[in-house]
Amino acid sequence: MEKNDYMPLFESKAGKWRGVYWFYAISMAVSISFIFIYRVMHFPQQTGLTRWAWIGISMAELWFIIYWIIAQFVRYRAVSRYTFKDRLSRRHGDDLPRIDIFVSTADPQLEPPLMVADTVLSVMAYDYPPEKLSVYLSDDGCSDLVFYALYEASKFSRVWLPFCKSFNVELRAPKAYFSAVKQVPSDDPTFAKEWREVKRLYNEMEEGITDIMKLGRVPDHLRKHHKGLREWESGASRTNHHTILQVLIDGRGNKEVDIEGKPLPMLVYLAREKRPGYPHNFKAGAMNALVELLALDAHGGPLYIGSCCFHQRDALTGKKYEKGSHINWKLVNEIQEPEIENLLEETTKLANCSYEENSSWGTEMGLKYGCPSEDVVTGLSIQCKGWRSVYFNPGRKGFLGVAPVTLLSSLIQQTRWSEGFLQIFLSKYCSLIYGHGKIPIQLQISYICYNLWGANCLATLYYVTVPTFCLLKGINLFPQFSSNWILPYAYILVAKYTYSLGEFLSCGGTLKGWYNDQRMWLYKRVTSYLFGFCQIIMRYLGFAELNFVITGKNVDDDVSKRFEQEMMEFGTASSMFIILATIALFNLLTSISIARSIIIKKPAIDLDSCALQILLNGVVIIINLPLFEALFLRKDQGCMPASVTCQSIILAALAYMLR
């Protein structure tokens, strides 16, 4: 293609409603300025609790102001990408690059093998030349249950892939597809016949995997079905085992085909070697055994957050980007592939527990070690080497993932993320230091917005507890309702919630979903971020070690049903729930006390002076209505455990009596 005939594969356009956001941001900045002026001008003259409470609320608001300014670097310049798929074939023809897709799992109890099998089948059915697609399952739990599920998926793929292609199936994870299409359409006899047969085969696969999960092991009579299942006969355990590498489908050279005679993608299982005394570096170590967001796009690229992304191999192997260098995919694809025996031998060497010793793996090559958010550190390192990332969110989703469906699982996941982000900020990988002179300053600050998630806990915790406590003491921390100084506070309250609601609805959300989102904003900050923040402090003081907590994804039908009804799932005793319930109950007791004093016409506080504190108290109560329901009204398995309820009532009552 001549240079003058060059056609871009995509175009970038400014995000929708950018002008509206600019008006919102500028007006918020003006209101914030007035609040800062108010805090300075009305600093209390009296000493004691009033002054200290005022200093505390001022510091909390100052932190919110600083963090809000940082967040604007993420949001103010959003762009969207629009692709031209027809130009891809015109530029490259059939010489598309080879793609390796990695699927990671670590615990068959928390990440059910059937779910893993569905995930693998969905990526095998990717709309890409199968002879150039390889799928690798990294099993960091070294489970024969997972291997058996993958073996069953490899057999089912010979039917599932041609079915998806023949009938243009978009939901290519079988479980999701058959859940959405519960009955076979009757208007197409050919499709109906194929649908019934594929559904029957999937039910057989599902039943077989479910049976071995109930049994807890692969029975001896099933081990003879594949030589890979004999790898566990030597007593391999999760933390002490040899390298297990099995090619279930050798897709190279059209050696294995589906029921229509068409080639299949390569499918490989790997459990890297683990031995006592050799650090395995959690998920990052597992990923390294396999290699050689919207608004951030305009600043030099979104963060790498571990999922739903593609990398060039050179970027992951530590190479710097060289401007003007272009990969000739035709030459790359013509490279002679090694025989499978040589491939297994060489890969096994890289998957042993000591291959990283005296090497650059985990530091200059592959995913970085020593951080729960190893993906973000790795992405920053890649960008600092000159590589650029782009964010693309197609109308038809390229990936189908699974998120936590219980509140506790979600909070545990957020704890790990906030801990990892804060650790990055306090390490040599702080974007302001590590990225200085290597990536745009806007992108450096955008990273900081995520790095400081955990630090939000203190200001938020102060804001939802101390003003309520001061309300009981008759201490005024905000402007009088009759004062003009209340206007910036009122504007921020109305504008923030109005804009966030409009943004949420425009993205396809619901009013109830937005209400839940506001609740999660509070819950994350006073539990997950607090725990992550404390964990980092304890680790730097030498009282804690790095730990990687796997997020549970295994749920029963009752939990799934409540999740679909948008009911919050408690059901398990947790210190996080004690914090949430205690805060909610303390605010409720305060509200009852104030209402009682107003009813008997003997108010202990100046209602005009404390109007905003009463409003804040009311907002906290409204946000926590589902929590009160879980504490006192619900009788299902997702209600708040009695132990949590009792402890929270005692703590809230003590706090109320100590006012």
Side-chain angles (χ1 to χ4, degrees), residues 28-71 452 454-497 521-522 525-526 529-530 533 579 582-591 593-595 597-598 603-621 623 651-652 654-659:
M28 288 285 285
V30 172
S31 299
I32 287 171
S33 300
F34 278 113
I35 289 177
F36 184 76
I37 294 172
Y38 168 78
R39 287 294 174 197
V40 174
M41 291 181 60
H42 293 79
F43 188 81
Q45 300 300 317
Q46 61 269 44
T47 59
L49 182 60
T50 300
R51 175 173 289 187
W52 284 111
W54 188 277
I55 292 174
I57 202 74
S58 300
M59 295 297 291
E61 290 177 350
L62 179 61
W63 170 253
F64 289 145
I65 291 171
I66 294 173
Y67 191 79
W68 183 85
I69 294 172
I70 294 173
L452 294 178
N456 280 299
C457 65
L458 300 179
T460 306
L461 194 60
Y462 189 97
Y463 227 81
V464 297
T465 55
V466 174
T468 302
F469 183 80
C470 290
L471 193 58
L472 293 171
K473 304 286 286 187
I475 298 175
N476 172 30
L477 296 177
F478 296 99
Q480 293 180 334
F481 190 77
S482 58
S483 168
N484 290 333
W485 286 109
I486 201 174
L487 295 178
Y489 281 97
Y491 179 80
I492 287 178
L493 184 67
V494 173
K496 177 183 181 300
Y497 284 114
W521 181 93
L522 174 63
R525 290 187 170 213
V526 299
Y529 295 0
L530 178 64
F533 182 84
I579 293 174
T582 301
I583 292 174
L585 289 171
F586 177 63
N587 277 272
L588 180 63
L589 288 174
T590 301
S591 179
S593 176
I594 294 171
S597 65
I598 293 174
I605 59 173
D606 183 351
L607 296 180
D608 183 47
S609 299
C610 296
L612 271 184
Q613 281 166 262
I614 296 174
L615 178 61
L616 177 60
N617 173 253
V619 168
V620 174
I621 292 174
I623 285 178
L651 291 173
L654 287 174
Y656 178 79
M657 290 186 293
L658 291 174
R659 68 190 189 274

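- By the 6.0 Å contact criterion, OH on Tyr491 is enclosed, its count of non-hydrogen atoms from other residues, nucleotides or ligands being greater than 12.
- Between Leu452 and Ile66, every side-chain heavy-atom pair lies at or beyond the 4.5 Å cut-off.
- Distance check, rounded to the nearest 0.5 Å: CG of Leu530 to CG of Asn456 gives 12.0 Å.
- Counting heavy atoms from C-beta on, the side chains of Trp521 and Ile623 never come closer than 4.5 Å.
- To the nearest 0.5 Å, the span separating CD1 on Ile70 from CD1 on Ile65 amounts to 12.5 Å.
- Side chains of Tyr462 and Met59 form no contact here, defined as non-hydrogen atoms less than 4.5 Å apart.
- Heavy-atom minimum distance, Ile55 versus Phe43: CG1-CE1, 3.7 Å.
- Using a 4.5 Å heavy-atom cutoff, the side chains of Leu588 and Val620 are not in contact.
- No more than 12 heavy atoms of other residues, nucleotides or ligands shown are found within 6.0 angstrom of CH2 on Trp52.
- Side-chain atoms of Ile583 and Leu522, non-hydrogen and from C-beta on, never get closer than 4.5 Å to each other.
- Between the side chain of Arg525 and the main chain of Leu461, no donor-acceptor pair closer than 3.5 Å is present.
- Heavy-atom minimum distance, Ser597 versus Ile594: OG-O, 2.7 Å.
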### Query
Going through the distances and angles, do Tyr497 and Val619 end up as a side chain to side chain contact (heavy atoms under 4.5 Å, CB included)?
CA-CA 12 Å; Tyr497 284 114; Val619 168; 4.3 Å; yes
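- Taken to the nearest 0.5 Å, the CG atom of Leu612 stands 10.0 Å off from the OG atom of Ser483.
- Shown here is Tyr489, whose OH atom has more than 12 heavy atoms of other residues, nucleotides or ligands within 6.0 Å.
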Using residues 466-481 as the side-chain source, report each donor-acceptor pair under 3.5 Å to any protein atom, sequence neighbours left out, with the distance given to one decimal.
unit_1 : atom_1 : unit_2 : atom_2 : d
Thr468 : OG1    : Asn587 : OD1    : 2.7
Asn476 : OD1    : Phe478 : N      : 3.1
Asn476 : ND2    : Phe478 : O      : 3.1
Gln480 : NE2    : Ser609 : OG     : 3.3

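- With sequence neighbours excluded, the residues that form a side chain to side chain donor-acceptor pair (under 3.5 Å) with Ser482 are Asp608.
- The aromatic rings of Trp485 and Tyr38 sit tilted, their planes meeting at an angle between 30° and 60°.
- In this structure, CG on Leu654 lies 10.0 Å from OG1 on Thr582, to the nearest 0.5 angstrom.
- Between Phe34 and Val30, the closest side-chain pair of non-hydrogen atoms falls below 4.5 Å.
- Distance check, rounded to the nearest 0.5 Å: CG of Leu458 to OH of Tyr529 gives 13.5 Å.
- The salt bridge (charged side-chain N to carboxylate O under 4.0 Å, His left out) check on Arg39 picks up Glu61, with sequence neighbours excluded.
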### Task
Apply side chain to side chain contact (heavy atoms under 4.5 Å, CB included) to the pair Leu62 and Phe36, showing each step before the final yes or no.
CA-CA 8 Å; Leu62 179 61; Phe36 184 76; 4.2 Å; yes
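- Separation of atoms OG (Ser593) and CG (Asn617) is listed at 10.0 Å; rounding is to 0.5 Å.
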### Task
Verify side chain to side chain contact (heavy atoms under 4.5 Å, CB included) between Ile35 and Ile492, making sure each step is shown before the conclusion.
CA-CA 10 Å; Ile35 289 177; Ile492 287 178; 3.4 Å; yes
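- Inter-residue side-chain proximity for Phe64 and Trp68 is flagged as unmet; no heavy-atom pair is nearer than 4.5 Å.
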